[in-house]
Enquirer: 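For reference, the structure I am asking about is given below.
All ligand and atom numbering here is 1-based and tracks the order in the structure.
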Amino acid sequence: MKKRVLVSGGAGYIGSHVTVELIQAGYDVVVADNLSNCDLTCFEGVKKITGKDDIPFEKIDCCDYDAVDRLFSEFRIDAVIHFAAFKAVGESVAEPLKYYRNNLVSFLNILDASKNHGGCNVLFSSSATVYGETDVLPVTEQSPRQPATSPYGNTKQISEDILRDTVKATAAYGAEVMAGMDRQGPVKGIALRYFNPIGAHPSALIGELPRGVPNNLVPYITQTAIGKRECLSIFGNDYPTPDGTCQRDYIDIVDLAKAHVAAVARMVEGKMKKDYEIFNVGTGRPVSVLELVNAFEKVNGVKLNYKFAPRRAGDVTAIWADPTLAEKELGWKAVRTVEETLASAWAWEKHLAGKA
Ligand code: UDP
């Protein structure tokens, strides 16, 4: 029997790419999304790419425990991947309560339902933001977490801790689930710490769909190139880096999605070495903002209007992953080049503009 994965936030940017890879790897899925930050564009794209018209979609808000509980009663769920969360750093500073309430309550509900329905495997989408500013690069999973610089980052740290504590507390729970009589069972967890996911599916049928002015670099680049924005501001060219602009570890969205499939397989096939594990999901390759802009221009044959602007508050100088542990334990490694990924991002922007 196929294993089923609940993908909360599965209609969004990362969630839709992960749903495609799960289905193509032979999993059944159920997508849950409240569509608060996206529409059904990507979900429709997922159906087209996979050729599956009957993917279960539940329009629920994970902050509603009864709705989450009903989902666990309706489907036999072998693993949950929890994406459903707000993600705008600046907005989280302005509206902390909105972020804490949404991001934490939804995750508490997922964990509670997982525990109450005989136990479950839970994959949490964490972030490299938990490492903060550090001089010791690349960062490994053992690198110390720094105090979060935004409520958004704090929700990632707190959620990791909640998962760790829940796994510990439920380890000894009985796991039998009898007809009509769910028993509390153990929760096992993996936190994936993403670096900077960029790009789109090679089909150009799904990709990032920012609402309003994009906060992230690559959507800002593609929208500038297509003429939706006038000029890209490069935030800071006086950082202590080789070319003065910040360095990040940009990871292709499909590579990132495949890391989730590897992590789910590890959980459902009982291959975890500990009941709670953490993996970096990055390439190990630092790329500066300027290098990324130059690579985008070169691979796509377009000229980008950009200027240097003051530093953006809260940005760290440089961060990139040591991805060794994921390669060793998950058998996963990023394979797409930055150029391939930037070409996919451009193809998606052109698709959106009806120019593809
Ligand atoms: N960045 C930029 N201009 C923009 C958006 C981002 O120069 O319009 C820079 C930002 O300062 C950072 C890098 O691009 O150095 C990546 O930013 P992003 O917001 O995409 O991801 P973050 O690393 O902040 O999570």
Side-chain angles (χ1 to χ4, degrees), residues 12-14 37 83 85-93 99 103 125-134 137-139 145-146 148-157 192-200 207-253 256 280-297 304-321 338 341-342 345 348-349:
Y13 173 45
I14 302 180
N37 196 32
F83 294 113
F86 294 150
K87 59 174 185 178
V89 177
E91 188 187 37
S92 81
V93 176
Y99 271 68
N103 292 8
S125 67
S126 190
S127 167
T129 188
V130 302
Y131 295 118
E133 181 88 52
T134 170
L137 291 164
V139 289
R145 295 188 322 189
Q146 306 290 338
T149 54
S150 72
Y152 161 77
N154 209 13
T155 66
K156 293 296 175 193
Q157 295 202 357
L192 295 183
R193 291 178 176 160
Y194 314 147
F195 284 70
N196 288 56
I198 61 166
E208 196 167 3
L209 264 179
R211 289 212 163 153
V213 183
N215 291 308
N216 296 114
L217 179 59
V218 169
Y220 210 106
I221 289 176
T222 56
Q223 291 195 6
T224 306
I226 205 103
K228 265 199 223 170
R229 313 265 156 221
E230 215 161 278
C231 182
L232 167 77
S233 292
I234 295 184
F235 299 136
N237 62 344
D238 58 351
Y239 283 98
T241 58
D243 65 19
T245 64
C246 293
Q247 292 172 305
R248 296 288 183 274
D249 185 336
Y250 295 96
I251 166 127
D252 182 87
I253 187 71
L256 179 102
N280 282 343
V281 183
T283 67
R285 168 189 66 197
V287 175
S288 75
V289 177
L290 209 48
E291 284 171 335
L292 199 80
V293 166
N294 291 336
F296 180 85
E297 290 188 322
L304 199 68
N305 194 19
Y306 69 84
K307 63 171 191 239
F308 292 112
R311 293 181 177 194
R312 181 172 72 176
D315 276 341
V316 299
T317 303
I319 184 139
W320 64 93
V338 162
T341 306
L342 291 172
W348 167 244
E349 189 67 58

Enquirer: Identify, by atom number and element, the atoms of ligand 1 in contact range of S233, meaning under 4.0 Å from any of its heavy atoms.
Expert: 2 (C), 3 (N), 4 (C), 7 (O), 8 (O)

Enquirer: For atom 16 (C) of ligand 1, grab the closest protein heavy atom and report residue, atom and distance to one decimal in Å.
Expert: Y250 OH, 3.5 Å

Enquirer: Looking only at atom types and distance, does a side-chain atom of W320 sit under 3.5 Å from a main-chain N or O of Q247, one as donor and one as acceptor?
Expert: no

Enquirer: Can you give me the closest heavy-atom contact between G132 and V316, atom names plus distance?
Expert: C-CG1, 3.7 Å

Enquirer: Using a 4.0 Å cutoff against the non-hydrogen atoms of I234, which atoms of ligand 1 qualify?
Expert: 7 (O)

Enquirer: Give a yes or no answer on whether the side chain of D243 reaches the backbone of T245 with a donor-acceptor pair at less than 3.5 Å.
Expert: yes

Enquirer: I'd like to know if the side chain of K228 reaches the main chain of Y220, judged simply by a donor and an acceptor atom lying under 3.5 Å from each other, with no hydrogens or angles considered.
Expert: no

Enquirer: Considering only non-hydrogen protein atoms, determine which one is nearest to atom 25 (O) of ligand 1 and report residue, atom name and distance to 0.1 Å.
Expert: N196 ND2, 3.9 Å

Enquirer: Is R285 reaching over with its side chain to a backbone N or O of Y250, donor-acceptor style, under 3.5 angstrom?
Expert: yes

Enquirer: Below a 4.0 angstrom heavy-atom separation, can you tell me which part of F195, side chain or backbone, both or neither, approaches ligand 1?
Expert: neither

Enquirer: How about N216 and Y13: does a side-chain donor come under 3.5 Å of a side-chain acceptor?
Expert: no

Enquirer: Please state which protein non-hydrogen atom is closest to atom 23 (O) of ligand 1 and give its distance, to 0.1 Å?
Expert: R248 NE, 2.6 Å

Enquirer: Could you tell me whether C246 and ligand 1 have an N or O pair separated by under 3.5 Å?
Expert: no

Enquirer: In the protein, what heavy atom is nearest to atom 4 (C) of ligand 1, and what distance, to one decimal place, separates them?
Expert: F235 CE1, 3.3 Å

Enquirer: Determine whether a donor-acceptor pair (N or O, by modelled atom type, separation under 3.5 Å) exists between the side chain of D249 and the backbone of G284.
Expert: yes

Enquirer: Just by modelled atom types, is the A85 backbone N or O under 3.5 Å from a matching donor or acceptor in the N103 side chain?
Expert: no

Enquirer: Does any N or O of ligand 1 fall below 3.5 Å from an N or O anywhere on R312, backbone included?
Expert: yes

Enquirer: For atom 18 (P) of ligand 1, find the nearest protein heavy atom and state the residue, atom name and distance (0.1 Å precision).
Expert: N216 ND2, 3.5 Å

Enquirer: How does L217 reach ligand 1, by side chain, by backbone, by both or by neither, if only non-hydrogen atoms under 4.0 Å count?
Expert: both

Enquirer: Closest non-hydrogen protein atom to atom 5 (C) of ligand 1, residue and atom name please, with distance?
Expert: N215 O, 3.5 Å

Enquirer: Can you tell me which portion of T129 lies within the under-4.0 Å heavy-atom range of ligand 1? Options are side chain, backbone, both, or neither.
Expert: neither

Enquirer: Looking only at heavy atoms, what is the nearest atom pair of V130 and R193, with distance?
Expert: CG2-NE, 3.4 Å

Enquirer: Return the residue, atom name and 0.1 Å-rounded distance of the protein heavy atom closest to atom 11 (O) of ligand 1.
Expert: D315 OD2, 2.5 Å

Enquirer: Check E91 against Y99 and note the closest heavy-atom contact, atom names and distance.
Expert: OE1-OH, 2.5 Å

Enquirer: Have a look at ligand 1 and work out which part of I319, if any, has a heavy atom under 4.0 Å from it: side chain, backbone, both or neither.
Expert: neither

Enquirer: Could you tell me whether P214 approaches ligand 1 through its side chain, its backbone, both or neither, with non-hydrogen atoms closer than 4.0 Å?
Expert: neither

Enquirer: Of I221, D252, L292, which meets side chain to side chain contact (heavy atoms under 4.5 Å, CB included) against L342?
Expert: L292

Enquirer: Which protein non-hydrogen atom lies closest to atom 9 (C) of ligand 1, naming both residue and atom, and how far is it?
Expert: V289 CG2, 3.9 Å

